[in-house]
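Atoms within each ligand, like the ligands themselves, are counted from 1 in listed order. Note that these values count all heavy atoms, side chains included, but never hydrogens, waters or copies made by symmetry.
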Amino acid sequence: MIVVMQHGASEALIQEVVTQVKADGYIPAITRGENQVIIGLVGESKTGLHEENYATMEGVQKVLRVSSPYKLAGRDFHPADTLVPLNGSQVGGRKIPVIAGPCSVESREQIIEIACAVKEMGATALRGGAFKPRTSPYSFQGHGEEGLKWLAEAREASGLPIVTEVMDPALVPMVAEYADVLQIGARNMQNFVLLNEVGKSRTTVLLKRGMANTIEDLLMSAEYILSHGNANVMLCERGIRTFEKYTRNTFDVNAIPVMKHRSHLPVIADPSHAIGYSEYVIPIALSAVAAGADGLIVEVHPTPAKAASDGRQSLDYAGFQKLMDAVGKVAEAVGRSA
Ligand code: PEP
Ligand code: MN
């Protein structure tokens, strides 16, 4: 952190800041210009005082941060890519896994059938929600623990690991008994109690970006999970809200290289929620792979028109096959494989 004093700040005000810097456990590095002084804060704070505290001190013009506030999620202290194990391969490596399945687990038969179908077409993992975060309390809320049991059966039948959402901090241990990956949904990205709980778990987490959250917000949420000792976190860009009305959300393709640059965690793209219409899912998925995404999560349903949720954005099997064929080609073009 660097504290920039106002032009002509008095020596007394400068010394007040220096005293505070020392009291916080930093070593002050003072640079005196002709009429402006800047004070570098070297080392670690012992009191947890932050830039806002210094910014409000008399005589201070501004405070600049030189390292990121997400120490564990950022690359400053962890330059190498984190590789997260998934179904025998590693997310964040050369291979681009595709996680596929319905928005909601609808029945035992439905999830087993879809699991086997997407496996056959090359999926790496099965997605499916048993606890659904619906905008309306009157919409289908998911089958709960029974849905998790069906997911476990689908894993047994297909060999695919399970990615499923957990919404309630109290249910993290129960959901983790069934899931291979715990999904934190966009609406819960800043549910800090939930983040702490999945951080205490040792099950891999897929952390989705909130629809109105910045990249930094997402990385700070990842920091919560990492700070509790769970190192297996995957970030997910799933579209953000903009003024555009022809699509459900706006896929922030910028976020992919930016997150890869700032963080060592793997980045997954969700083109289904990002655009909201099945006819546009494939080009958005391909743009994500071209931009450097480490994996995809896609909604697939055999009869999208009959889906309990998100049918409008779900690919049918033919669409999923088309996606898989195209992903392989784009992956190869950017030095990866699908
Ligand atoms: C989902 O994956 O079905 C879901 C609800 O996603 P999001 O949290 O991104 O809306
Ligand atoms: Mn969905």
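- Residue nearest to atom 6 (O) of ligand 1, selected from Arg248, Arg209, Lys208: Lys208 (by heavy-atom distance).
- Regarding atom 4 (C) of ligand 1, its nearest protein heavy-atom neighbour is His273 NE2, 3.3 Å.
- Using a non-hydrogen distance threshold of 4.0 Å, Cys103 registers as a contact of ligand 1.
- For Lys132, a nitrogen or oxygen atom sits less than 3.5 Å from a nitrogen or oxygen atom of ligand 1, counting backbone and side chain alike.
- Within a radius of less than 2.8 Å around the Mn ion (ligand 2), the protein N, O or S atoms are Cys103 SG, His273 NE2, Glu299 OE2, Asp310 OD2.
- Listed by number with element, the atoms of ligand 1 under 4.0 angstrom from any heavy atom of Arg187 are 7 (P), 8 (O), 10 (O).
- Taking hydrophobic clusters as Ile, Leu, Val, Met, Phe, Trp and Tyr residues chained together by side-chain heavy-atom distances below 4.5 Å, Leu195 shares a cluster with Leu265.
- Look at Arg127 and Glu299 and you find a salt bridge, because one of the NZ, NE, NH1 or NH2 atoms lies within 4.0 Å of a carboxylate O, short of that distance.
- A donor-acceptor contact shorter than 3.5 Å is absent between the side chain of Asp180 and the backbone of Thr204.
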- Going through the distances and angles, do Ser45 and Asp24 end up as a side-chain hydrogen bond (donor to acceptor under 3.5 Å, both in side chains)? CA-CA 5 Å; Ser45 167; Asp24 287 338; 5.3 Å; no

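- By the criterion of a heavy-atom distance under 4.0 Å, the side chain of Arg127, and not its backbone, is placed next to ligand 1.
- Atom CZ of Arg241 has 12 or fewer neighbouring heavy atoms from other residues, nucleotides or ligands inside a 6.0 Å radius.
- Checking each of His301, His143, Lys306 against Glu106 for a side chain to side chain donor-acceptor pair (under 3.5 Å) leaves exactly one that passes, namely His301.
- The protein heavy atom nearest to atom 9 (O) of ligand 1 is Arg238 NE, 2.6 Å.
- Between Ala186 and ligand 1, at least one N/O pair is under 3.5 Å apart.
- Near Gly185, meaning under 4.0 Å from one of its heavy atoms, ligand 1 places the atoms 8 (O).
- Note that the OG atom of Ser263 and the CZ atom of Arg75 stand 7.0 Å from one another [nearest 0.5 Å].
- Every residue meeting the salt bridge (charged side-chain N to carboxylate O under 4.0 Å, His left out) condition with Lys200, not counting sequence neighbours, appears here in chain and number order: Glu197.
- Not a single donor-acceptor pair under 3.5 Å links the side chain of Ser314 to the backbone N or O of Pro304.
- By the 3.5 Å distance cut-off applied to N or O atoms, Glu299 is counted among the residues near ligand 1.
- Residues passing the side chain to side chain contact (heavy atoms under 4.5 Å, CB included) test with Glu153, sequence neighbours excluded: Arg108, Ile112, Trp150.
- With sequence neighbours excluded, no residue satisfies ring pair (Phe, Tyr, Trp, His ring centres under 6.0 Å) with Tyr317.
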